[in-house]
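Take a look at the structure below.
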Amino acid sequence: MDTTVLRNRFRQQFGTSGDLYFSPGRINLIGEHTDYNGGFVFPGAVDKGIAVEIYRNGSRKVSLLALDQKDAPYVEFSLDDTDKPEQHWACYIFGVCKELEKRGVTLGGFNAAFTGDVPLGAGMSSSAALESAFAFALNTMFADGQVDKFELAKIGQATEHNYCGVKCGIMDQFASVFGREGCLIRLDCRSLEYEYFPFDPQGYKLVLVNSMVKHSLGNEYNERRESCEKAVALMNAQFGRVEALRDANYEMLDAVKKDLSEQDYRRARYVLDEKERVLAVCDALQAGDYELVGRKMYETHWGLSRDYTVSCPELDFLVETAQDCGVTGSRVMGGGFGGCTINLVRETVCDKFISKAKREYARKFSIIPEIYQVVIGDGSRKLQ
Ligand code: GLA
């Protein structure tokens, strides 16, 4: 990522230069809405993310410049403030400071500017990139890097929960912090055991198609989580030892079906289906069977659309278009409600797919979707 503009603006604003840090956004091959259900996910960091320049200012004041914000790009707060800032974007950084201090890190004031090349609201976790970039930078500057990477990911997640109103799982922050070039990460979201999976499917590409429908996760996302928790509570009361949907099976779920709304039942069933799909994809990846991986991706999409209800007409249309073009696998990625589809595409059909997706989507919705070729990159790091 080119940081020239960032450096110039930082110097203009603060009269010095600071250290540079970077954290990436992420993709996820499969395992959607499984993280907060104690399940498995298959994310990887991308080569796009958020870069932060930062400098200790010797006071208790935090001065922030968000280069990509049109409204209120400059915000100040004190580390002693108890109320979060009014600007939503600044709450991410305020939250990270508070969560670091909760874990015993003594922070000092700082000046920081940041910018990104990961599209906002596109389901690529720009917010996790922002949290991880600051968590990593502040940990390096004020705690000699003593907070471990697991905790850095949890700090980002806790920021979402406590300061941004999204009861997210751990996937995005984990992928941002732990990403490794060329590898997907198979992550057990309960134990946080993880394994790097080199991902270089010969003859295939991963392509993201941005519906340009901005998603913002909030109530709708939290409601999905509540549906899962209702099913868990009932099964736990009846069978015991069901702490999350990970511990449940179809028989248990059917046994409590009568006490659940149809909607909650279908959402919980989606999570059980997805659990099986993630395992099938692990085996398929090991066997190099990308056609099977692709079929599972489509199944995930329609499960997310019809049962979990986190898709939208635009995303469904993009997935149908992919299907028409013979794309191997396609589905909505991330929380849903807009953002990108992730597509596993044979190289031979890639050009045809991209041009058809652009053309047909523009014809139907009068928007030209952006296309990104996925490059799997490294996680949070210092740039100089
Ligand atoms: C968002 C959340 C993640 C995860 C996904 C859905 O990206 O931040 O924790 O739940 O949605 O898989």
Side-chain angles (χ1 to χ4, degrees), residues 23-46 49 92 95 118-132 135 150 153-179 184-190 192 194 208 210 213-229 244-246 267-268 270-275 277-278 281 296-297 299-301 303-305 307-312 315 331-342:
S23 279
R26 61 105 190 88
I27 52 147
N28 184 30
L29 186 67
I30 198 137
E32 218 64 271
H33 291 275
T34 47
D35 58 355
Y36 54 83
N37 286 302
F40 286 85
V41 291
F42 241 109
V46 291
Y92 292 103
V118 58
L120 301 179
M124 293 174 70
S125 296
S126 48
S127 57
L130 179 59
E131 292 145 9
S132 308
F150 293 98
K154 288 183 194 163
I155 284 169
Q157 184 192 23
T159 297
E160 295 276 355
H161 286 207
N162 300 332
Y163 299 90
C164 307
V166 181
K167 301 287 178 198
C168 65
I170 192 75
M171 168 169 73
D172 304 351
Q173 293 78 9
F174 195 96
S176 184
V177 172
F178 282 83
L184 296 180
I185 310 167
R186 188 185 59 195
L187 170 65
D188 177 337
C189 297
R190 171 171 276 169
L192 295 189
Y194 66 102
L208 305 183
N210 189 348
V213 177
K214 286 246 166 168
H215 87 159
S216 69
L217 300 180
N219 282 347
E220 295 257 44
Y221 179 93
N222 296 343
E223 266 174 31
R224 303 304 181 278
R225 189 171 180 150
E226 280 161 25
S227 292
C228 297
E229 283 163 2
L245 282 177
R246 176 179 182 151
R267 287 178 180 164
Y270 159 82
V271 175
L272 299 190
D273 293 344
E274 185 72 347
K275 193 163 81 167
R277 279 191 287 266
V278 176
V281 164
K296 295 292 158 191
M297 290 169 73
E299 285 175 25
T300 295
H301 181 77
L304 286 168
S305 178
D307 293 329
Y308 217 64
T309 55
V310 295
S311 185
C312 60
L315 291 165
R331 64 178 196 80
V332 48
M333 186 180 74
F337 312 105
C340 292
T341 59
I342 178 168

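These numbers come from a predicted model, not from an experiment. Just follow the structure's listing: the first ligand is 1, and inside any ligand the first atom is 1.
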Which salt bridge (charged side-chain N to carboxylate O under 4.0 Å, His left out) pairs, counting each pair once, include a residue from residues 158-175, with sequence neighbours left out?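 Counting only pairs at least two positions apart or across chains, the salt bridge (charged side-chain N to carboxylate O under 4.0 Å, His left out) contacts touching residues 158-175 are R26-D172.
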With sequence neighbours excluded, tell me which residues meet side-chain hydrogen bond (donor to acceptor under 3.5 Å, both in side chains) with S126.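 S126: no side-chain hydrogen bond (donor to acceptor under 3.5 Å, both in side chains) contacts found.
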Taking side-chain contact (heavy atoms from CB on, under 4.5 Å) as the test, write out the residues that go with S227, two or more places apart.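 Testing S227 for side-chain contact (heavy atoms from CB on, under 4.5 Å), a comparison that skips the adjacent residues, returns D264, R267.
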Would you compute the distance between atom CZ of R277 and atom OG1 of T34 and round it to the nearest 0.5 angstrom?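 Separation between the atoms: 10.0 Å.
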Are Y194 and F178 an aromatic pair by the rule of ring centers under 6.0 Å?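 Yes, close enough.
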Given a heavy-atom cut-off of 4.0 Å, could you list the residues near ligand 1 in chain and number order?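 Around ligand 1, where the cutoff is 4.0 Å for heavy atoms, the contacting residues are R26, E32, H33, D35, Y36, C168, G169, M171, D172, L217, Y221, G334, G335.
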Is the shortest distance from a Lys or Arg side-chain nitrogen in R331 or E32 to a carboxylate oxygen in the other one below 4.0 Å?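 Answer for the salt bridge query: yes.
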